[in-house]
Amino acid sequence: MTSVPQSAPARVVSNRRLNPEIHELVLRLPAEWGPPEPGQFVQVECLPANPFILKRPFSIARSRLGDLGMELHLVYGAIGPGTEALTRRRPGEMLDVIGPLGHGFRPVPGRRPVLIGGGRGVAPMIALADGLAPNYEDGILIFGARGSAQLYELEEVPYPVTIATDDGSVGFHGNVIQLLEQLRGRGELRPEENALYSCGPNPMLHALSDWAGEHGFPCQVSLETIFGCGFGICAGCAVPVHAAEGEESDEFGHYRFACVEGPVFEGHRVDWEGVKE
Amino acid sequence: MTSVPQSAPARVVSNRRLNPEIHELVLRLPAEWGPPEPGQFVQVECLPANPFILKRPFSIARSRLGDLGMELHLVYGAIGPGTEALTRRRPGEMLDVIGPLGHGFRPVPGRRPVLIGGGRGVAPMIALADGLAPNYEDGILIFGARGSAQLYELEEVPYPVTIATDDGSVGFHGNVIQLLEQLRGRGELRPEENALYSCGPNPMLHALSDWAGEHGFPCQVSLETIFGCGFGICAGCAVPVHAAEGEESDEFGHYRFACVEGPVFEGHRVDWEGVKE
Amino acid sequence: MSERPDLSVKVGSLTFPTPILVASGTFGYGTESPELTGARELGGIVTKTLTIEPRRGNAPIRLHETPAGLLNSIGLQNVGVQRFRDEKLPKLRELGVPIVASIGGKAPEDFVQAAEHLRDVPGIAALEINVSCPNVKEGGIEFCQRPDSAAAVIRAVRDVATVPLWAKLSPNVSHIGEVGRVCRDAGAEALTAVNTFVGMSVDPRTRQPHLPGGTGGLSGPAIRPLALAKVWETVRVTGAPVVGCGGIATAEDALQFLVVGARAVQVGTVSFRIPDAARRIRQGIEEFLSREGLPGIESLIGTYQPPQ
Amino acid sequence: MSERPDLSVKVGSLTFPTPILVASGTFGYGTESPELTGARELGGIVTKTLTIEPRRGNAPIRLHETPAGLLNSIGLQNVGVQRFRDEKLPKLRELGVPIVASIGGKAPEDFVQAAEHLRDVPGIAALEINVSCPNVKEGGIEFCQRPDSAAAVIRAVRDVATVPLWAKLSPNVSHIGEVGRVCRDAGAEALTAVNTFVGMSVDPRTRQPHLPGGTGGLSGPAIRPLALAKVWETVRVTGAPVVGCGGIATAEDALQFLVVGARAVQVGTVSFRIPDAARRIRQGIEEFLSREGLPGIESLIGTYQPPQ
Ligand SMILES: Cc1cc2nc3c(=O)[nH]c(=O)nc-3n(C[C@H](O)[C@H](O)[C@H](O)COP(=O)(O)OP(=O)(O)OC[C@H]3O[C@@H](n4cnc5c(N)ncnc54)[C@H](O)[C@@H]3O)c2cc1C
Ligand SMILES: Cc1cc2nc3c(=O)[nH]c(=O)nc-3n(C[C@H](O)[C@H](O)[C@H](O)COP(=O)(O)OP(=O)(O)OC[C@H]3O[C@@H](n4cnc5c(N)ncnc54)[C@H](O)[C@@H]3O)c2cc1C
Ligand SMILES: Cc1cc2nc3c(=O)[nH]c(=O)nc-3n(C[C@H](O)[C@H](O)[C@H](O)COP(=O)(O)O)c2cc1C
Ligand SMILES: Cc1cc2nc3c(=O)[nH]c(=O)nc-3n(C[C@H](O)[C@H](O)[C@H](O)COP(=O)(O)O)c2cc1C
Ligand code: FES
Ligand code: FES
């Protein structure tokens, strides 16, 4: 059952750089908070109270209920004012956090999971691996990155990790689609036996959805777009989708609110032409 | 000779609470910076770069040229967004500082100095005591406060310190004017032998200027008003003054820019009716 | 223990339990996560602007943050007035909070039809006529820039509506007071001031606007001093009950609008950052009144002391 | 090593070394601490608005900070046009930077007299006619809200001035483009857009305004998206050379104005916080052009791609 979202103060447990582009923030929330489902996200106060700035959405990379409360791991890149400010938060400081929010991944029954994370998009793949592992033993996790500088160590992930880098500096030389194609060619991936789950840059998700559609793989993707609120009141996070089979125009025309009905969507339902990349 | 103002990055050396209302910030600037004169101030970046907020003016409470550079002590109260943010700055962080700025105190030759600081206004009195002591041995410093909670220890001040509290919890029971009146009554203060220098809340400076005028004491006060820039380009810091004897209306009518021509003024020149208290 | 200050206010013929409402389009249909938003403790909820047909709204990107502000170009995405009435309203009513339905359209007929669908519908306290949306090309802002067409809309809706009308004014005009007066004369019982300010942001690298439509509406704390000046002008010029809106993020902000004479306020963008901001503002106002020893909010409304 | 990009721009008949000027009233007389402000590296300096008589300005408090913005009510404090010419200008000229003298007044005659004092005075490149100051009761904003009176001022000054005229427009109007067009037709060679937005702030405890005059002019990053929309409207509607102003704090901000077609920009409030902000912005623009492989700023000006 999905947990009711709450707004709660979180204590910064640690905040460290994983590689030149990626940071990890560990937060501690009250034990009653959550628990989140894989693919859900939180809205985080990046700056202390005074200057006005919206909260920022981050996928939950890991959640663990411990003696001191619910620990959340977030993995983030410092790309603008909000995330830059986040890098300056120190252990002990308090941040307001809203969550768990959104519609996460829905395991496809009986299918071997293939988790594909691009760059910092690997974050929710960790949570998903944690969530699936008890029921789906033989999953794999593919970590795609531009090069070695964009990689970081994935600790205690229950699935074997395969790395693909664009520059070939580590692991497979090529992007994640090329790697998937190779695995498919070798018969290690089959449309009727596997399910794909992914998070990463929109162009990657677009290409992946096309590839999955072409070959008949079920494929769920966690999409990023600009959020205002994160819980359905601003209508800012519209994602264009194709009408489902036989479906007429509905409540929101053919836009879905990524924060409520996503961030995870079936790859083929997304109208990628309309997604800002 | 007055130093040319510079904009320079300052390193936070320490930032601590002196009492429930007052904090002390120690900054380190390049050795070439300054040196400031007693009564001069600096404009300090209270928040890191991103949210837009003006710099805030603070009197220099102490300056010391050491091996590592020029150390500035500021004493401040956390009263609004800027100063609240300042309390969160940690040692090692860098802050932009402009200064030294403004027109400081001008020692009245041959007069025994009486320095009167009200609340956090004691800050520039420390700098002034440091500056005067080599030439004026027998000064005194009066520290006025509402009560013991508003006091803090003044370290290594070259003049004897007398405390006056409104609630009588420490030292003289009464305000600084009442204390001065007592000293004058006892013949310990004489208009022809002493000069008054002061900084504190505007109502106190107003009362002090009136008292000094009545009894014929020379009296200089460091005035606070709202600053935009701190170096003369915004015209925001107007202080109304009386025309000097025989003076016609001049450049700025009867307003003076507190940031350039002040913050120190002759008490009797200030048109106190027009000063926001 | 001292008594809790009385927060109830009259806006025209209506009474609200507190002067803190939430603004149209910034609180969904009011039923999204009411625990998170504290919706049950609100003075009132203004719905997303409803149009006669459902609208899919504008293409992404719809939001762009600017210093202390938010540019939006939602394009009135909404389920349409009928689905609102049949599917959303029953749940919304359960919150037990006064409901103001915002209606919009491209031509006076659209407004009239929308109002007809809400005729005699229980639980709707007032209609807010949005003649000021900056993100719909065909109508919206144009109505309010021409006072006569704004008035025509109000007059037409007045004939069919069974509840008081509020006219939501655009700030993008030289003289908001004049527009407000014309709307009041046409039958608006109260005036909501203001909607968003027309703003724009461009990406110098792509030479394209951050919002695909070019311009958007600016909201958030950045506009608060501008909105306050518009509200004061509206109060002063029209003498009508005014509901203040624009950039309110704290109790102190809300109090400013009440002091200059707004009889209630609407809280918008800040709810995106702090879901229960409106509730916290209400609490802050209670504390302020207690601290100041005022028996209720009416003792503060309109107490502004303008310069001589 | 690649060549430095060419930053020089033409604004009407004048050429400026860089498109980064400083705005009237936000840089004193240009001579205050030139080392601190980097004044020698500016594209141009617009002086504080000068009136025919010295003005003492408004009583304190004159400034009030709002989220990402600054409300001011200076009231045109200035030494008067004669003392400016005789005492300030000689020092200002030594900076070697183009000087635009801003002039203001209550009636067309005041502007004309001020312009006469600056006739044939060496070192003044243009006159900026401030028909938009919101803090002077008698004239200012009223001129610009009525396009005909703004035009009358421009026409009158045109007859006596020996240098190009820029009209500084108020954003507090429904249609800034129309006012701009009328000013251009009356003889303004370029249009400066925009002056401050009318804003207000009140202390709920005292029920009095934070600025004793009641309202003030809002500047700073808060207004940037609003100013940009006004500049784009002015460019689009008038076709005249436009000098953009309002909320510029970074090179990225300045580039936005240039992209939508401003031929130069003026930097204001940010100089209070960062004295050499204008210089830093110029450096940032150079870096941007180099990074984008553009030979000069002219390749960027007016390249905005509006939505279809
Ligand atoms: C559901 C969801 C989950 C997310 N999870 C993570 C995560 O786990 N780790 C992580 O690092 N980031 C994640 N993001 C993205 C993260 O929210 C943004 O990086 C952050 O909001 C940027 O804030 P900022 O103030 O630093 O930069 P901004 O100034 O807001 O953005 C900088 C630049 O990036 C663009 N931009 C920002 N966010 C997006 C976006 N979502 N889509 C397209 N362009 C964008 C902006 O337009 C701007 O040009 C997630 C986003 C969503 C919607
Ligand atoms: C020359 C000079 C020297 C100063 N030296 C010191 C110092 O050594 N230590 C110190 O603690 N403070 C000093 N101040 C005051 C200090 O600058 C302010 O406290 C600070 O700017 C407040 O910023 P803020 O953002 O925290 O609060 P704000 O939000 O700016 O102010 C909070 C409230 O205080 C009022 N206020 C703020 N500053 C003033 C003022 N100067 N006069 C009247 N009302 C004001 C505001 O209107 C507001 O109501 C000095 C000021 C000047 C002009
Ligand atoms: C995302 C968003 C959507 C909005 N939608 C509407 C709307 O549908 N109808 C309307 O009248 N106002 C709408 N507004 C304007 C708000 O109701 C309010 O007038 C404005 O945001 C100013 O208040 P604020 O600064 O508190 O947000 C919207 C504002 C935002 C930010
Ligand atoms: C303190 C202050 C004084 C100003 N004085 C004048 C003036 O005398 N004449 C004028 O045309 N504009 C004046 N302005 C407006 C600025 O020139 C500029 O148009 C406005 O501040 C917007 O730009 P900014 O946001 O970059 O500050 C003043 C602005 C400020 C903040
Ligand atoms: S982010 Fe506000 S509705 Fe989705
Ligand atoms: S603070 Fe700007 S002129 Fe004094």
Side-chain angles (χ1 to χ4, degrees), chain A residues 3-8 43-47 49-57 80-82 96-101 202 223-241 243 248-260 270-271 273-277, chain C residues 22 25-39 48 53-80 83-84 87-88 210-212 219-222 224 247 249-250 268-277:
Chain A
S3 308
V4 174
Q6 299 174 43
S7 179
Q43 290 278 123
V44 177
E45 184 105 80
C46 295
L47 281 165
N50 263 314
F52 186 86
I53 179 171
L54 296 174
K55 289 192 168 72
R56 298 288 190 253
D96 252 24
V97 167
I98 306 175
L101 293 165
N202 287 344
L223 211 68
E224 288 188 9
T225 183
I226 305 283
F227 281 14
C229 63
F231 53 97
I233 64 168
C234 78
C237 59
V239 168
V241 296
E248 291 220 34
S249 178
D250 69 352
E251 183 166 341
F252 299 116
H254 293 302
Y255 287 119
R256 291 285 181 282
F257 289 168
C259 71
V260 175
V270 177
D271 175 3
E273 301 308 315
V275 172
K276 190 95 175 182
E277 293 191 349
Chain C
V22 286
T26 65
F27 211 73
Y29 298 101
T31 52
E32 294 82 359
S33 302
E35 281 69 31
L36 199 57
T37 59
K48 176 76 194 163
E53 297 292 337
R55 285 180 62 99
R56 75 194 300 248
N58 294 336
I61 303 295
R62 292 179 171 187
L63 300 173
H64 182 78
E65 222 172 334
T66 65
L70 181 66
L71 277 175
N72 88 76
S73 175
I74 305 295
L76 292 190
Q77 170 166 349
N78 79 98
V79 297
R83 289 192 55 189
F84 166 76
E87 295 172 22
K88 304 282 179 186
H210 281 116
L211 300 177
S219 64
R224 193 237 302 149
T250 66
T269 303
V270 68
S271 300
F272 302 166
R273 175 177 171 171
I274 303 170
D276 66 341

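Here is the naming used below: chain letters follow the sequence lines, and residue numbers restart at 1 for every chain.
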Closest approach of [X] and [Y], non-hydrogen atoms and distance?
{"X": "Cys234(A)", "Y": "Phe272(C)", "result": "CB-CZ, 3.3 Å"}
{"X": "Leu63(C)", "Y": "Ile226(A)", "result": "O-CG2, 3.9 Å"}
{"X": "Ile233(A)", "Y": "Thr26(C)", "result": "CD1-O, 3.3 Å"}

With side chains defined as the heavy atoms from C-beta onward, is the minimum distance between [X] and [Y] less than 4.5 Å?
{"X": "Pro240(A)", "Y": "Pro60(C)", "answer": "yes"}
{"X": "Glu45(A)", "Y": "Arg273(C)", "answer": "yes"}
{"X": "Tyr255(A)", "Y": "Arg62(C)", "answer": "yes"}

## Note on the structure
Ranking Leu70(C), Asp276(C), Leu36(C) by heavy-atom pairs under 4.5 Å to chain A gives rank one to Leu36(C)

### Query
So, is the end of the Arg224(C) side chain (NZ or CZ) under 6.0 Å from the ring centre of Phe52(A) and within 45° of the ring's axis?
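Verdict for Phe52(A): no cation-pi partner in Arg224(C).
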
What part of [X] is in contact with chain A, defined as an atom under 4.5 angstrom from a non-hydrogen atom: side chain, backbone, both or neither?
{"X": "Ser33(C)", "answer": "side chain"}
{"X": "Thr31(C)", "answer": "neither"}
{"X": "Val270(C)", "answer": "both"}

### Task
Give a yes or no on whether the backbone of Val4(A) and the side-chain of Glu35(C) come within a donor-acceptor separation of less than 3.5 Å.
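Pair absent, no side-chain N/O of Glu35(C) close to backbone of Val4(A).
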
### Message
Using heavy-atom distances under 4.5 Å, tell me whether Gln6(A) contacts chain C through its side chain, its backbone, both, or neither.
### Response
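Contact with chain C: backbone only.
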
#### Entry: Region of Pro5(A) in contact with chain C, defined by heavy-atom distances below 4.5 Å
both

### Query
Looking at Gly230(A), Ser7(A), Ala238(A), which makes the most heavy-atom pairs under 4.5 Å with chain C?
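Heavy-atom pairs under 4.5 Å are most numerous for Ala238(A).
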
### Pairs of heavy atoms under 4.5 Å with chain C: top-ranked of Ile98(A), Val239(A), Val260(A), Thr225(A)
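Result: the option with the highest number of such pairs is Ile98(A).
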
### Query
Taking atom CD1 of Ile274(C) and atom SG of Cys229(A), what is their separation to the nearest 0.5 Å?
13.5 Å

